[in-house]
Amino acid sequence: MPELPEVESVKNGLNKLISGKAITNVDVLWINIIKDPSISEFKERIAGQVIEAVKRRGKFLLFFLTDDVLISHLRMEGKYRLENTDVPRTKHTHVVFELDSGEELRYLDVRKFGKMSLIAKEKWTQHPSMLKLGPEPTNEELKIKHLVNALKKTERPIKACLLDQTIVAGVGNIYADEILYDACIHPERKGKSLQLDEIKDLRNSIITIINKAVDKGGTTIRTYSNAFGTEGGYQTYLSVYGKKDEKCSRCQHTIKKIKVAQRGTHYCPYCQK
DNA sequence: CGCCCATCCTGAGCGC
DNA sequence: TGCGCTCAGGATGGGC
């Protein structure tokens, strides 16, 4: 399940593989992947454009083309693969970008949850998906004051707040659990119950955990791999995610799994207050 | 406005 | 062996 660190790794791989190549044609094999514009406009506009660079905002991949930006979200299991045209397309290949190099950039997605949008370059920051995004989880962009404001009035559990992309962009279910463990905060604590020093700890944990995961090339739990097909390396650093019934490495108590905001949530009932 | 919940999807894992 | 059920979950939009 690609979160910010995994998308960052995919972005880096794609830049090496496809920057400077032109798209000659687009095949859409599962129409629900394309959110907007219409399928015909999507295909017609992309054909002929050059992929200048691939960037990232939150969990969204941004393909900067000659005139447009292709906004792509991998959701649960989306992947990009560069293949020669003679390699057979698998049944999970849903969108194919044919390149002037004779290769194909293929979008694969077992669950078909991923989405793509195309928008004019000068308007991409105004796309609804972009407008809703909060700050990137970096020391420069994620301000204490912003977190204080976002949390001070809400009754929602802090886990739900971390998953809310308007509060901070890029955190998903795995890193939310890891961040709360690192900050020693119970996932069911109401947002407004957090004290200032706890919010500072939380901010530090968000930045530290995400940075380290980026550094390790992301986490491979189920099926994630980057554009080169290589797996991430952060899974060996996980403290609670997927560790139900195992011992907490800090206090030796047993890691529990509960549901918070409809999401599987792992935590240590002794360390996380 | 804030928040909850269903929806989209398929494959893995499990019990019988 | 194979069937049917449950679970996994990010963003979105409807509804209260």
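Protein chains get the first letters and strands the later ones, always in sequence-line order, with residue 1 at the start of each.
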query: Can you tell me how far C1' of B:dC4 sits from CD of A:Gln262, to the nearest Å?
result: 7 Å

message: Without decimals, in angstroms, what is the distance between A:Glu6 CD and C:dG9 C1'?
response: 14 Å

task: Indicate the ring-plane relationship of A:Phe60 and A:His73, choosing parallel, tilted or perpendicular according to the 30° and 60° boundaries.
output: perpendicular

task: Check every strand shown and say whether A:Lys257 touches a base, only sugar-phosphate, or nothing at a heavy-atom separation below 4.0 Å.
output: sugar-phosphate

query: DNA chain B: A:Lys115 or A:Glu155, which has the more 5' nearest nucleotide?
result: A:Glu155

Charged tip of A:Arg250 within 45° of A:Tyr181 ring normal and under 6.0 Å: yes

- request: Respond yes when some side-chain nitrogen or oxygen of A:Lys192 is under 4.0 Å from OP1 or OP2 of B:dG2, and no when none is.
  value: no

- prompt: Quick one: A:Lys112 NZ to B:dT10 P, roughly how many Å, whole number?
  reply: 4 Å

field: Residue pair A:Tyr234, A:Tyr241: steps toward the ring pair (Phe, Tyr, Trp, His ring centres under 6.0 Å) verdict
entry: CA-CA 12 Å; A:Tyr234 191 76; A:Tyr241 188 88; over 10 Å; no

message: Does the Lys NZ or Arg CZ of A:Lys79 fall within the cation-pi geometry relative to A:Tyr107 - under 6.0 Å from the ring centre and within 45° of the axis?
response: no

field: Within 45° cone of A:Tyr270 ring axis and under 6.0 Å: A:Lys273 NZ or CZ
entry: yes

query: What is the distance from CG of A:Asp164 to P of B:dC5, rounded to the nearest Å?
result: 16 Å

message: Return a single string for nucleotides 10-16 of chain C, one symbol per nucleotide in 5' to 3' order, where B is base contact, S is sugar-phosphate-only contact and - is none, cutoff 4.0 angstrom on heavy atoms.
response: BBS----

field: Check: B:dG2 base within 3.5 Å donor-acceptor of A:Arg156 side chain
entry: no

query: A:Tyr241 near the nucleic acid: base, sugar-phosphate alone, or nothing, with a heavy-atom cut-off under 4.0 Å?
result: sugar-phosphate

- prompt: How would you label the contact of A:Asp109 with the nucleic acid (heavy atoms, under 4.0 Å): base, sugar-phosphate, or nothing?
  reply: nothing

query: Just to confirm, is there a sub-4.0 Å distance from OP1 or OP2 of B:dC9 to any side-chain nitrogen or oxygen of A:Lys91?
result: no

message: Parallel, tilted or perpendicular: which one describes the rings of A:His92 and A:His94, with boundaries at 30° and 60°?
response: perpendicular

field: Length of the CE-P vector between A:Met116 and B:dC8, whole Å
entry: 20 Å

- request: Take atom NE2 of A:His266 and atom P of C:dC7, then tell me their distance rounded to the nearest Å.
  value: 14 Å

query: Sequence neighbours excluded, which residues qualify as salt bridge (Lys or Arg N to Asp or Glu O under 4.0 Å) partners of A:Asp109?
result: none

message: Distance check needed: C:dG9 P versus A:Tyr175 OH, whole Å only.
response: 14 Å

- request: In whole angstrom, give the distance that lies between atom CD1 of A:Ile33 and atom P of B:dT10.
  value: 10 Å

